[in-house]
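Take a look at the structure set out below.
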Amino acid sequence: MTEAIDPRADRLARITALVDLDSFSEVGSRARHRVTAFGMERKRPEGDGVVTGPARVHGRPVEVFAQDPTALGGSLGEVHAAKIAAGLDRAARARCPVVGLLDSGGARIQEGVAALDGYGSIFFRNVALSGRVPQISVVLGPCAGGAVYSPALTDIVIMQRDKAHMFVTGPRVVRAVTFEDVSLADLGGADIHAQTSGVAHMVADDAAHALDLTRRVLDYLPSSCEDLPPIGPAGAADEMPRVPKDHREPYDVRSVIAGVVDFGTFLELHEQFAPNVVVGFARIEGHAVGVVANQPLVLAGCLDIDASEKAARFVRMCDAFGVPLVTLVDVPGFLPGTGQEASGIIRKGAKLLYAFAEATVPRVTVILRKAFGGAYIVMNSKSLGADAVFSWPGAEIAVMGAEGAVDVIYRRELAEDAGRREELLTRYRAEAMDPSVPADRLSVDEVIEPGETRARVAATLRSLERSMRPGYRHDNLPQ
Ligand code: HXC
């Protein structure tokens, strides 16, 4: 005789695989809906399709919930919502992170407005907790409607490849309304959300990997904005690579990150979305930091709309949770063109500017090869309140690159004698772009050798330790 699989036991198994041994205490296991319409009195799964309760991860308290797709499709009715809302209230009181394991068809159709209001009560709490306690959404199956808006309000979204799908309206509704035939994967698969929409911060190979990533993220974040991030073991960094001298030659900025942070600690977020900027958590001398770096491998490291929004939300999240920022700059400017302008690069680029300017955590910037124009200012410049700005020798900092600048300021000379171009380029580089120019006026604090970078960044962060004042700073508004 085959033993029946208990789906609640399956959800419990997911929670117990996430949390410390024997640390989970379930709350509300007997709760059920009381709906009688649509013959619902015959479908009253115990727990109403969600397992909730407090637990611990690496010794620290967390609040967890896990939805059960085998109970009414994991759909959310009044009681299901009340259980999650109670969990969010417990997290607010305990000042601890919330982890949601999601797998839900969205608002329970049979419960009508009660289900919609149930979502409203969760969204309300997601927003109230934003910037106060870390909220992590782990999407392990198809999620629709309200089941995707709640993750969008949280700090980090992790999707399980092949299993997780996220959409506001599912393929059946899409077909009925627009006659478009679209697969789950094309509508809301992990790849779409990791590469194109930017909804997913990370993609996991399977459920175990998703839970492992969740624990790793939690390790970098404090329990709440009123605590400091946990300190890990200190380690050495990789050797600093030699980056190409020619400013147009690409290299992977992740090799420079590896030369700054403790070995093996860099945890990249949004790896495939807007890869022209790299963001992620890491450790320096055991202390959590958030790294923001231009990526010369993609679009020459230009900032565009997606990159600005991606970096802006990361900076705001780090600031909300007291994680110091390390910015590595190699940026030719904002991506020019009608597409970007018409889509609002002014409005959206301003988000990154705003995020850095308002951040009160320690902030260190290293200019690696170049920093031009608005992008120089935006990337955590001294004038935006950076605590320290270092520059590598030979880095060019100016209103614009030499080619563009020479065409503007020497227009007449070049019209008379185009052969002078090289001479004028050399003159502009020497007079306007040498790091001694910004160093003269303290826009750059020190010109340092690449090999000194980690030591200087670490020393700056150490010197600012007492500037860290835990407390509520601001929310982590979705960008
Ligand atoms: C009630 C639901 C349900 C729902 C699924 N079920 N979604 N019951 N309310 N929202 C039930 C199904 O009837 C079925 O019941 C069981 O769950 C499993 O569903 P399947 O469709 O067989 O599963 P699957 O093929 O895996 O597809 C999963 C799915 C699909 C892609 C999520 O169920 C789906 O498209 N559901 C509707 C999604 C949607 O459009 N939701 C939007 C809700 S509006 P039986 O009895 O047959 O096992 C919303 C508003 C919030 O959420 C507003 C936020 C701003």
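Each ligand, and each atom within it, is numbered from 1 in the order the structure gives. Numbers here are sequence positions counted from 1.
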Close N/O pairs between ligand 1 and protein, under 3.5 Å:
from     : atom 1 : to   : atom 2 : distance (Å)
ligand 1 : 9 (N)  : I109 : N      : 3.1
ligand 1 : 10 (N) : G105 : O      : 3.1
ligand 1 : 10 (N) : A107 : O      : 2.9
ligand 1 : 17 (O) : G73  : N      : 3.2
ligand 1 : 21 (O) : R172 : NH1    : 3.3
ligand 1 : 21 (O) : R172 : NH2    : 3.4
ligand 1 : 41 (N) : G105 : O      : 2.9
ligand 1 : 52 (O) : A107 : N      : 2.9
ligand 1 : 52 (O) : G146 : N      : 2.9

Which donor-acceptor pairs under 3.5 Å do the side chains of residues 141-152 make with protein atoms, sequence neighbours left out?
from : atom 1 : to   : atom 2 : distance (Å)
S150 : OG     : N126 : OD1    : 2.7

For residues 33-40, dump all side-chain donor-acceptor pairs below 3.5 Å to protein atoms at least two apart in sequence or in another chain.
from : atom 1 : to  : atom 2 : distance (Å)
H33  : ND1    : V35 : N      : 3.0
H33  : NE2    : K43 : O      : 2.6

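In this structure, the side-chain hydrogen bond (donor to acceptor under 3.5 Å, both in side chains) partners of S197, at least two apart in sequence or on a different chain, are H193.
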*asked:* Working note: N294 + L303, criterion side chain to side chain contact (heavy atoms under 4.5 Å, CB included); need CA distance, chi angles, decisive distance, verdict.
replied: CA-CA 8 Å; N294 306 115; L303 286 175; 4.0 Å; yes
*What do the steps show when you test R254 against E271 for side chain to side chain contact (heavy atoms under 4.5 Å, CB included), and what is the final call?*
CA-CA 11 Å; R254 284 174 289 206; E271 197 177 328; 4.1 Å; yes
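Between the side chains of D252 and Q295, at least one donor N or O sits under 3.5 Å from an acceptor N or O.
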